Amino acid sequence: MSTAQSENIVSQSVDGVYEGPLLPVIIQMSVPIVIGLLIQVFYNIADTVWISMIDPSNPAIIAGVGLVFPLGMILFAIGNGLQVAMGSVLSRAIGAREDAATQELFAVGLLQALLIGALVLALALIFGEQLLALLGASGELETYALEFFIYSLPGVVPIVLIGTLMGMLQGQGRMTAMMQAVLIGSVVNIVLDPVLIFVFDMGVKGAALATVIAQFIVMAKLLLTLAMEPGELRLKLIPVKGGFSLSKRLSTIGSAQMWIHIIIAGSVLIYNRFVIDVDPMAMAAFTLVGRLDFLIMIPMFGISTALLTIAGQNWGRKNYDRAFAVLRIATILAFVCVLVLALLHILIAPLIYPLFSQVPEVVNYAVLQVRIMELSLPFIAISLCVAEFHQAIGKPAPALMLTIIRHFILSVPVVYVLIYMQQMGIMGVYFGAMSGTFFAAAVAYYMRFRLVSAYSNETSIPAMGDAS
């Protein structure tokens with residue numbers, strides 16, 4: 001493919017990034033991501049339904065799978081870290097017209113992902129059972145959790161590779177190609193779930209195996225897409241020059257993003273333990289609500305993905321005012337979208353949760369959690385957009401700081417105090433978690449104000465974890 005053809009692919013996919021109204025281009029880039037995530041959520045819901053149908057009267061099945069979910073979040077953290085790092089570095093390189101960087105990023109990113117994936121798989125094989133025991137898996141819960149965990153392991157390396165490959169598309173603004181890969185994987189997963197769970201009588205093992213097969217297919221689709229239309233990338237397996245420098249840039253941003261999600265996953269592990277101590281029935285409800293809350297937050301994930309690409313490319317081209325405008329518009333749009341969906345969730349909660357469980361206690365806990373916690377979700381959008389902006393411009397430290405503040409400095413300690421010292425039970429989990437969300441949103445707003453003010457006064461950005 002010629003250079004002119006590559007530039008044409010990129011310019012078509014990010015039309016309107018550098019000039020013109022921002023809201024249409026944010027929506028244009030967000031919609032494919034939102035559709036892809038909606039498809040993924042539809043699969044998650046279908047997966048939950050299929051798993052719950054194994055034995056609708058036994059909440060231990062859903063709770064056992066729920067115990068494994070935070071470990072999956074850690075793996076997702078690694079994949080997402082690689083995606084954000086690749087998207088940030090590539091988008092700024094495209095904006096700054098750094099041809100040397102874009103020519104080497106495919107090889108550097110691929111080798112880095114393979115090494116990380118192999119390491120994670122080895123650690124999971126060695127320490128997996130001990131981790132499940134630490135999470136509180138015992139008796140029947142342990143049986144289902146261990147089955148789901150073991151059959152999920154073959155998907156470790158593909159998930160890590162998918163993160164890097166997605167970042168290569170995201171950095172170029174090729175959101176539709178990302179959506180297509182997610183669509184194919186989700187369809188395969190949805191079709192295989194009932195076949196492996198019920199036809200082959202594999203139970204939760206079948207659900208895990210269906211996901212693994214789908215992940216391999218997604219990885220193959222992404223590789224095929226890049227092979228046919230690499231855009232600004234050069235498809236080679238060994239970096240020729242600048243590999244160490246690029247790897248360092250990717251690692252700086254990627255490690256911060258990984259730690260952000262690992263901290264989130266770690267806090268969920270702790271919350272799970274707290275909830276189990278209160279009532280195992282509440283754990284089943286916690287798992288159900290968490291899956292549907294992901295649906296509520298999909299718009300902000302799509303918008304923040306577009307934010308990273310648009311802000312990163314403008315930052316690379318030194319269009320700083322436009323980059324800040326992207327942040328402002330994206331934050332407002334994400335907040336409003338999540339608020340509307342959260343209100344809808346509150347209204348329909350009593351109608352939808354009986355579809356997932358026949359145990360009255362589980363349904364009551366789920367409805368109570370939604371009514372109390374749902375209106376805190378829009379404030380997560382504020383923190384997420386500000387954090388994603390810092391990632392986009394190569395300054396990951398503030399994003400990591402926001403996550404630490406939200407979870408470990410405030411939420412987890414407050415939950416502990418409310419549950420064990422104030423004897424508030426499940427209400428302590430709800431109010432403790434919300435305290436960190438609201439405080440982190442306030443800190444994020446201050447960070448944005450400080451960054452814009454410093455730029456306006458000094459025409460430069462202070463070095464806050466610069467990885468550019």
Side-chain angles (χ1 to χ4, degrees), residues 70-93 101 104-124 127 131 156-168 170-171 239 242-269 301 304-305 307-309 311-312 315-316 383-409 440 444 447 461-468:
L71 297 179
M73 288 180 63
I74 294 175
L75 183 59
F76 169 79
I78 296 170
N80 184 256
L82 294 174
Q83 177 180 335
V84 169
M86 179 60 70
S88 173
V89 173
L90 180 57
S91 64
R92 283 180 288 125
E104 301 293 328
L105 272 171
F106 181 85
V108 172
L110 205 62
L111 289 174
Q112 190 178 65
L114 284 170
L115 290 172
I116 293 172
L119 176 61
V120 172
L121 179 58
L123 292 173
F127 300 109
L131 281 173
V156 168
V157 174
I159 288 176
V160 175
L161 283 169
I162 286 169
T164 291
L165 297 171
M166 285 285 196
M168 293 176 186
Q170 181 182 355
F244 178 77
S245 175
L246 285 173
S247 181
K248 182 179 178 182
R249 291 167 66 179
L250 290 170
S251 298
T252 301
I253 297 174
S255 60
Q257 186 71 9
M258 288 180 205
W259 278 111
I260 286 171
H261 285 280
I262 288 172
I263 289 169
I264 294 172
S267 67
V268 172
L269 293 177
F301 294 139
S304 66
T305 300
L307 166 65
L308 184 141
T309 301
W315 201 264
S383 302
L384 177 64
C385 287
V386 172
E388 202 77 0
F389 182 81
H390 281 89
Q391 296 280 31
I393 66 176
K395 302 175 185 294
L400 180 58
M401 186 187 309
L402 276 174
T403 306
I404 294 173
I405 289 172
R406 178 185 165 197
H407 293 284
F408 285 158
I409 291 182
M447 284 181 173
I461 303 301
M464 296 165 56
D466 196 349
S468 60

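None of these values were measured; they are calculated from a predicted model. Side-chain atoms are counted along with the backbone in the values below, which use heavy atoms only and exclude waters and symmetry mates.
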Subject >> Candidate pair S251 and Q112, rule side chain to side chain donor-acceptor pair (under 3.5 Å), full reasoning >> reply: CA-CA 9 Å; S251 298; Q112 190 178 65; 2.9 Å; yes
Which pair of non-hydrogen atoms, one from [X] and one from [Y], has the smallest distance, and what is that distance?
| X | Y | value |
| --- | --- | --- |
| P398 | H390 | CG-CD2, 3.4 Å |
| L121 | V156 | N-CG1, 3.8 Å |
| A444 | S383 | CB-CA, 3.8 Å |
| P396 | Q391 | CB-OE1, 3.1 Å |
| S88 | G394 | OG-N, 4.1 Å |
| L308 | S91 | O-OG, 4.0 Å |

Give, for atom [atom1] of [X] and atom [atom2] of [Y], the distance between the pair rounded to the nearest 0.5 Å.
| X | Y | atom1 | atom2 | answer |
| --- | --- | --- | --- | --- |
| L119 | L114 | CG | CG | 12.5 Å |
| T309 | E388 | OG1 | CD | 9.0 Å |
| F76 | L71 | CZ | CG | 15.0 Å |
| M401 | I260 | CE | CD1 | 11.0 Å |
| F106 | L90 | CZ | CG | 12.0 Å |

Please tabulate, one pair per line, all N/O donor-acceptor pairs under 3.5 Å involving side-chain atoms of residues 158-168, not counting sequence neighbours.
none

Subject >> Test item: R92 side-chain N/O and W315 main-chain N/O as donor-acceptor pair under 3.5 Å >> reply: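 Not confirmed, R92 side chain does not pair with W315 backbone.
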Subject >> Stepwise side chain to side chain donor-acceptor pair (under 3.5 Å) test for R249 and S245 >> reply: CA-CA 6 Å; R249 291 167 66 179; S245 175; 5.3 Å; no
Just wondering, do [Y] and [X] contact through their side chains at under 4.5 Å, heavy atoms?
| X | Y | value |
| --- | --- | --- |
| M258 | L82 | yes |
| V84 | Q170 | no |
| I263 | L400 | yes |
| L250 | L105 | yes |
| H407 | I404 | no |

